[in-house]
**Q** 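Below is a structure I'd like to ask you about.
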Amino acid sequence: MVKIAPSILNADFSCLGEQIRSVEQGGADWIHLDIMDGHFVPNITIGPMVVQAVRRVTRLPLDVHLMISDADRYIDDFHQAGADLITVHVEACPHLWRTLETIRERGCKTGITLNPATPLTVLQPVLHLVDLVLIMSVEPGFGGQKFIPDSLHRIKQLSSWRREHKYKYLIEVDGGIDINTAPQVVAAGADVLVIGKAIFSQADIPAAVQAIRNKLIG
Ligand code: DX5
Ligand code: ZN
């Protein structure tokens, strides 16, 4: 069963608790939190304090996507804030093996990701170690961007490596997912869909989550 992970980047932060309840009502599986530092990516968003606040209003797994330089320095903070899964960018972690070990030792699930123009082969040495691989289908930094169609090949490649080597990771996709691109990425092999604008820009948020779910089932 495909998981839907609403990204709160496009949520209304003046009533974040209610917004999270709305996606829960619609049947969301995880909450995706985009952490940006204005350095690794050109935008600044939220830090551990907001993750902690979200932790207090939901029992859903918190899927924390770190788009920050020197991610190693902040793993403890996000773990303590209540992250269940921590995903790091290979471009921001020169000692990936150690980074993943730290995440796992804290008791969190491990995720790795890479920018759309970074070759997938860079992941190969650690694929057996990770719980999740995130394919960025837009350049990280902002919500509401257009899906990069080449991402479909990348999802297929990861799916075929998983089959071939009996790896266990989930394949997550992030950026430009909506009612049209969702079925395409699922057909390519995606297990978890991060969705921001297509959910939070709608007046009826629970219905927006359900509409995507129905599209995938139907
Ligand atoms: C982009 C973020 C995404 C983003 C997805 O850097 O990682 O999670 O919020 O938003 P949409 O679905 O609007 O592309
Ligand atoms: Zn994200």
Side-chain angles (χ1 to χ4, degrees), residues 2-13 16 19-20 22-23 26 28-48 50-51 54 60-69 71 74 78 83-93 108-118 130-152 154-155 170-186 190-202 205 208-209 211-213 215-216:
V2 174
K3 293 187 196 314
I4 297 179
S7 155
I8 62 163
L9 191 57
N10 272 286
D12 179 350
F13 275 74
L16 190 53
Q19 298 262 291
I20 286 168
S22 301
V23 291
D29 299 286
W30 295 357
I31 302 294
H32 183 85
L33 298 112
D34 289 304
I35 314 300
M36 306 186 190
D37 65 352
H39 183 78
F40 178 68
V41 289
N43 194 8
I44 300 177
T45 57
I46 58 169
V50 176
V51 176
V54 172
L60 293 182
L62 301 187
D63 172 26
V64 172
H65 176 194
L66 297 183
M67 285 160 276
I68 60 176
S69 304
Y74 300 96
F78 285 101
D84 294 284
L85 189 147
I86 298 180
T87 296
V88 295
H89 272 261
V90 296
E91 299 89 349
C93 296
C108 294
K109 299 261 190 226
T110 54
I112 41 170
T113 186
L114 70 188
N115 295 334
T118 303
V130 296
D131 298 302
L132 175 140
V133 180
L134 169 60
I135 290 296
M136 287 308 300
S137 41
V138 296
E139 285 288 0
F142 301 95
Q145 302 181 75
K146 203 171 162 301
F147 179 79
I148 299 172
D150 195 51
S151 314
L152 294 172
R154 290 159 73 82
I155 296 167
L170 292 172
I171 302 172
E172 184 178 46
V173 59
D174 184 1
I177 305 299
D178 58 20
I179 202 130
N180 300 312
T181 50
Q184 298 174 31
V185 296
V186 169
D191 309 292
V192 187
L193 309 184
V194 176
I195 309 175
K197 191 173 168 215
I199 288 175
F200 285 105
S201 67
Q202 302 299 309
I205 290 175
V209 180
I212 292 166
R213 174 84 67 207
K215 179 89 183 201
L216 296 175

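Read the numbers this way: they start at 1 and go in the same order the structure lists the ligands and their atoms.
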**Q** Below 3.5 angstrom, do we get any N/O pair linking Glu139 and ligand 1?
**A** no

**Q** Within a distance under 4.0 Å of any heavy atom of Asp174, pick out the atoms of ligand 1 and give their elements.
**A** 2 (C), 3 (C), 4 (C), 5 (C), 7 (O), 8 (O)

**Q** Backbone or side chain, does any N or O of Gly143 fall under 3.5 Å from an N or O of ligand 1?
**A** no

**Q** Which atoms of ligand 1 are found less than 4.0 Å from any heavy atom of Ser7?
**A** 8 (O), 9 (O)

**Q** Give me the one residue out of Ile195, Leu134, Thr181, Leu193 that meets side chain to side chain contact (heavy atoms under 4.5 Å, CB included) with Val173.
**A** Leu193

**Q** Under a 3.5 Å cutoff, is there a donor and acceptor pairing between the side chains of Asp34 and His32?
**A** yes

**Q** Checking the N or O distance criterion of under 3.5 Å, is ligand 1 in contact with Gly141?
**A** yes

**Q** I'd like to know whether ligand 1 has Phe147 as a neighbour, heavy-atom separation below 4.0 Å.
**A** no

**Q** Does Ile195 reach ligand 1 with a nitrogen or oxygen that is under 3.5 Å from one of the ligand's nitrogen or oxygen atoms?
**A** no

**Q** Starting from the Zn ion (ligand 2), look over the N/O/S atoms of Asp34 and name the nearest one.
**A** OD1

**Q** Below the 3.5 angstrom mark, is there an N/O of Ala198, backbone or side chain, next to an N/O of ligand 1?
**A** no

**Q** Only to 10 degrees, please: what angle do the OD2 atom of Asp174 and the ND1 atom of His65 make about the Zn ion (ligand 2)?
**A** 100°

**Q** Of all the atoms in ligand 1, which lie at a distance below 4.0 Å from a heavy atom belonging to Gly175?
**A** 14 (O)

**Q** Closer than 4.0 Å to some heavy atom of Lys197 - which atoms of ligand 1 meet that?
**A** 11 (P), 12 (O), 13 (O)

**Q** Go through ligand 1 atom by atom and flag the ones less than 4.0 Å from a non-hydrogen atom of Asp34.
**A** 2 (C), 3 (C), 4 (C), 7 (O), 8 (O), 9 (O)

**Q** Main chain of Ala117, side chain of Asn115: is a donor-acceptor contact present, judged purely on distance under 3.5 Å?
**A** no

**Q** Short list, please: which atoms of ligand 1 are under 4.0 Å from a heavy atom of Val194?
**A** 8 (O)

**Q** My understanding is that only one of Leu152, Val194, Asp174, Leu114 makes a side chain to side chain contact (heavy atoms under 4.5 Å, CB included) with Ile135; could you say which?
**A** Leu114

